[in-house]
Amino acid sequence: MPKLKIILAPDPRLKRVCMSVNSVGEKTRQLMDDMLETMYAAPGIGLSAPQVGADIRVIVTDVAREGEDPRPYKMADPYILEAADNAVKYEEGCLSFPDQYSDVARPEWVRVAYLDEHSVLRELRAEGLLATCLQHEIDHLDGLLFVDHLTSLKRNMILRKMKKTKRQLQAETVA
Ligand code: NI
């Protein structure tokens, strides 16, 4: 299975509002598997379809630590039904922002509805790292990036670094 190419920020494809899947078929199932493989290889704990160039509402996550059994989630049309009133801070990163990290405050737990890889409607109550990860990935489906939760000063600093990184990568490709 070919690994997918992860789009680096800033990129207009990361700012789109993605389309609903409505029913998970073979093509979406294959995308979920390819995304999961790409995420594990990166390595990362979450990945959204727009990060690999597909503007549909699909995310994958696995927050299991090294040595633990894998706990993959493949979700289509994930939707936050309910969120905690109180927020907690986690240091977040993103596969579209290599080497960039910053604290982001989000609700401590969320209740999420989604379609699984067999198009079965499921519900999940997540807390801790999984809650943060799900909110981060669901944000991607609306063109929202973790830097959009930061002050404009911090956001611009990270985006400037990313532009420089992308220029360097392009120069290496040409050379
Ligand atoms: Ni991300």
Side-chain angles (χ1 to χ4, degrees), residues 3-21 28 31-66 70-80 83 87-110 112-115 117 124 126-166 169:
K3 263 189 290 161
L4 304 169
K5 195 168 181 288
I6 297 174
I7 294 169
L8 298 184
D11 189 298
R13 289 171 291 179
L14 296 175
K15 300 302 293 175
R16 297 185 293 195
V17 175
C18 297
M19 293 178 293
S20 296
V21 173
T28 306
L31 176 68
M32 287 168 158
D33 287 342
D34 289 348
M35 282 171 59
L36 206 55
E37 189 185 316
T38 305
M39 181 195 84
Y40 284 135
I45 60 170
L47 186 64
S48 64
Q51 290 176 278
V52 294
D55 60 343
I56 57 170
R57 303 186 80 83
V58 169
I59 64 170
V60 295
T61 72
D62 188 340
V63 299
R65 292 177 201 287
E66 234 186 296
R71 282 199 305 272
Y73 283 104
K74 307 172 196 177
M75 300 184 172
D77 297 350
Y79 178 77
I80 295 175
V88 286
K89 268 187 192 171
Y90 267 102
E91 188 180 59
E92 292 190 23
C94 179
L95 291 177
S96 294
F97 290 81
D99 302 323
Q100 303 302 323
Y101 302 91
S102 197
D103 277 350
V104 177
R106 300 184 189 267
E108 188 179 21
W109 57 262
V110 285
V112 175
Y114 65 98
L115 295 174
E117 69 268 41
L124 172 73
E127 53 188 28
L129 183 57
L130 182 59
T132 291
C133 184
L134 287 172
Q135 292 175 81
H136 175 120
E137 301 310 330
I138 292 171
D139 265 1
H140 271 296
L141 306 180
D142 292 312
L144 268 175
L145 306 172
F146 82 103
V147 294
D148 294 320
H149 292 276
L150 308 177
T151 62
S152 57
L153 189 75
K154 267 193 187 170
R155 176 167 58 249
N156 290 334
M157 198 177 74
I158 290 178
L159 286 171
R160 261 201 310 278
K161 282 186 198 158
M162 282 304 305
K163 279 181 193 159
K164 197 175 154 198
T165 302
K166 285 181 81 172
L169 286 173

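We use all heavy atoms of the structure for the numbers below, so side chains are in, but hydrogens, waters and symmetry mates are not. If you're wondering where the values come from, they're calculated on a predicted model, not measured in any experiment. Atoms within each ligand, like the ligands themselves, are counted from 1 in listed order.
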Whether F146 and H136 hold their rings parallel, tilted or perpendicular, with breakpoints at 30° and 60°: parallel

Quick test of your reading of the model: are D142 and R57 salt-bridged, counting only N-O distances below 4.0 Å? yes

Donor-acceptor check, side chain of D62 to backbone of I45, threshold 3.5 angstrom: yes or no? no

Are there any protein N/O/S atoms under 2.8 Å from the Ni ion (ligand 1), and if so, which? C94 SG, H136 NE2, H140 NE2

Without swapping roles, check the side chain of E37 against the backbone of D33 for a donor-acceptor pair under 3.5 Å. no

Any sub-3.5 Å donor-acceptor pair from S96's side-chain atoms to I7's backbone N or O? yes

Got a salt bridge between K154 and D103, using NZ or NE/NH1/NH2 to carboxylate O under 4.0 Å? no

